[in-house]
Amino acid sequence: MTLDHLKHMNKTQRAAVVHGYKSAPAQPGRPLLIIAGAGTGKTETLSNRVVHFLASGVSPDNILLLTFTRKAAQEMTRRAIATAGRVLGTNVGEIPYSGTFHAVGARLVREFAEQLSLSPNFTIKDRGDSADLLDMVRHQLGFSTLDVNFPDKNQCLEIYSYKINACMPLKEVLKSRYPASKKWTKQLRQLFTEYRAAKRKQNVFDYDDLLVYWAKMLNQPDIADQLRTRFSHVLVDEYQDTNRLQAKILFGLKPDGRGVTVVGDDAQAIYSFRAATVENILDFPQVLPKVRVINLEQNYRSTNQILKACNAVINLSTRAYAKNLWSDRPNLGKPSLAVVENDSAQATYIASQILRAKEEGIPFRAQAVLMRSSHHSQKLEIELTKRNIPFEKWGGVKFLEAAHIKDVLSLLRWLENPRDEVAAMRALKLLPGIGPSAAMKVIGRLEGRMGRLVLRDADQPRGCGDHWGQFVRLVKRLQKRPWKASLPEVVKWYLPLMKHDNPELRAADLGQLCIVASSYSSREQFLVEVTLEPPEGTVGPNKPGRSDDDCLVLSTIHSAKGQEWDHVYLLNAVDGCIPSSRAKTPAEVEEERRLLYVAMTRAKNRLSLMVPQRVFSWRQNSSVVDLFTRRSQFIPRSAEKLFVVRATSGKPRTRRAS
DNA sequence: CTTCAGGCAGTTCTG
DNA sequence: CTGCCTGAAG
Ligand SMILES: Nc1ncnc2c1ncn2[C@@H]1O[C@H](COP(=O)(O)OP(=O)(O)OP(=O)(O)O)[C@@H](O)[C@H]1O
């Protein structure tokens, strides 16, 4: 073996890579924590550590490699496999248990389903479908008409999910995060109990269940033993963004911490809305015995000028993040604060800059536009399309979450799992003349014949005429015909019934969906994988599977974590966007500061923060107005000297409250 | 029982 | 602008 994976690492990084593995040890080493700032090579070190394990003879099957987001998981797995290939001189193939907590959880739960007395062919509901199921229960219990202020389906699911992920009693969750809903404690408790029962009865899982049942497996000694033996090495990236439930899983897998490596940066904790808690990483050395802690201080990513600005932003925090980051990368210019008139000016400015950079030899794929929330890029997307700049968008409304896509998928889901009432409801409501109550009636009549979806002509509800017969025949055909022919057939049936606007655009989306689906070998495989690993892309002009080689990236800051680009542009660096106007408590504002820090530290060579002087916003009394903005409070005058301030449009900057 | 118009409130980030 | 609820018409 060559030592490729050690050669370019610095001394501290190398120590982390080989920790516990200087010579072939009898058992996995003591727990290792790498806590270090942005761009110091944490992920690089972690993936080289995996390579080192493989090179030392550890089987890929014994390695569990976890992260929080799909993007980060893909990136890390890719790096590890590529380097391992170089070091070992053979293709490593894959690391089977590498991915997000949820994806790995899904595999394990399916594998051990029988021992958990679960049926192994459960389907996983995405966020929207889970909310719909919860809403059905909410209506049945009469809570929807109890009081206008009773939390809606999304709030209910948020509360439920927070409770599960934070491992907190409902009462405490309501008190600390949803005080307005405290008076419904009793109802919410009942709602959640019934929701769990409904999931059980319909053999469906929500995202949280994947973690819940994984944690449960670790309480069953027989399964726990198997898993502990299987995963001799467990590595977690972005550990600062894990939650209590995930920590429980980690400690359940490795009670004494041997073989555990966790990596993270408390200054980059940005997922508290998913119940992530930074205490996981800060308390790690106290929770496990004999933890080796390694700090990295040299930033290899950014120029010193960019890094200085990043440090200035994070150091204004009331909390101390003890990091002394430095960089010896040559300077290529201070980051800029580009003051533009409004949204449109922001879009044209960025589009021009991107094309200019491209002319200078920076390909589109080395540039990225980041934003706090995904709709901030609307104007820009139009501008990019106008100028034929190819882009892909990370985050935001997913292809599979669009209404028309969900409509056709619902029929497939129902066929796959006849007990799935959300799918049944949605599919039935597509028929003209069938609304919620007729659909419920049909579903009720089906209770007896559960194995396989069987519809009879006699089940016809009143008032939907010919459509019922056609539907029954369609279902029969779909059950007989091979999978490849299914989706086009459903689409053909669906299009004339579609009630959404923009029919041509949606028809095109559905055509694309057929192409994507045809690469899966069966309906089951398609439905199983699609919820956890959805195809890239969003609805509209930029569809999954169609990306250019050289493609600009538009991304939310959350989805950009762990990534890096030569040029980074940040949209709307103004109060109300960063920090978001929804951040109220000091803790929430601090998280917004860290978001800005994460965004800025993605840049290697050039960084532009956009400051539009007016943005569109929604005022309390409906209508859309554009408001005067203030530059983000996280970049006060005192930090200005670290930036170049560029005013691009004629008008002088006027100070006005928003 | 479905559908559609009108009123009203809320609008982040992800698996 | 959307999603959700309500009430009236078909
Ligand atoms: N010893 C090194 N020498 C040269 N380049 C390095 C070294 N270590 C890491 N790098 C490079 O620095 C960049 C940042 O590394 P990496 O993404 O692993 O950092 P990170 O600490 O995970 O960052 P973040 O927390 O901000 O996502 C990468 O391009 C990586 O290849």
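Here is the naming used below: chain letters follow the sequence lines, and residue numbers restart at 1 for every chain.
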Starting from [atom2] on [N], measure out to [atom1] on [X] and report it in whole angstrom.
X	N	atom1	atom2	answer
I124(A)	dT14(B)	CD1	P	19 Å
N149(A)	dC8(B)	CG	P	15 Å
R582(A)	dT12(B)	CZ	P	6 Å
I249(A)	dG15(B)	CD1	P	16 Å
H500(A)	dC4(B)	NE2	P	13 Å
E592(A)	dC13(B)	CD	P	11 Å
I164(A)	dT14(B)	CD1	C1'	17 Å
N154(A)	dT12(B)	CG	C1'	13 Å

Counting distance only, does the side-chain N/O of [X] pair as donor-acceptor with the main-chain N or O of [Y] below 3.5 Å?
X	Y	result
W414(A)	L428(A)	no
N572(A)	V574(A)	no
H500(A)	R506(A)	no

For the side chain of [X], counting heavy atoms from C-beta on, which of [options] is nearest?
X	options	value
S374(A)	dT2(B), dG15(B), dC13(B)	dC13(B)
R372(A)	dC1(B), dC13(B), dG15(B)	dC13(B)
S161(A)	dG15(B), dT12(B), dT2(B)	dG15(B)
S144(A)	dT14(B), dT2(B), dC5(C)	dC5(C)
R138(A)	dG15(B), dC5(C), dT12(B)	dC5(C)

Looking for any heavy atom pair under 4.0 Å, which part of the strands does [X] touch: base, sugar-phosphate only, or nothing?
X	value
H376(A)	nothing
K499(A)	nothing
D126(A)	nothing
S559(A)	sugar-phosphate
K561(A)	nothing
F101(A)	nothing

> Start at the 5' end of DNA chain B and walk down; is the nucleotide closest to G435(A) or to T69(A) reached first?
Replying inline: G435(A)

> For DNA chain B, whose closest nucleotide is more 5', that of L532(A) or that of I434(A)?
Replying inline: I434(A)

> Does a salt bridge link K561(A) with E238(A), judged by any charged N lying under 4.0 Å from a carboxylate O?
Replying inline: yes

> Salt bridge or not for R631(A) and D575(A), using N-O below 4.0 Å?
Replying inline: no

I want to check one thing: is the phosphate of [N], taken as OP1 and OP2, less than 4.0 Å away from some side-chain N or O of [X]?
X	N	result
K429(A)	dT2(B)	no
R127(A)	dG15(B)	no
T145(A)	dC5(C)	no
T100(A)	dG15(B)	no
H139(A)	dC5(C)	yes
T556(A)	dT14(B)	yes

> How about F143(A) and W184(A): are their ring centres within less than 6.0 Å of each other?
Replying inline: no

>> Can you tell me how far apart NZ (K42(A)) and OG (S47(A)) are? Round to the nearest 0.5 Å.
In response: 12.5 Å

>> Does the structure show F273(A) stacking with dT12(B), if we require the centres to be closer than 5.5 Å and the planes to be within less than 30 degrees of parallel?
In response: no

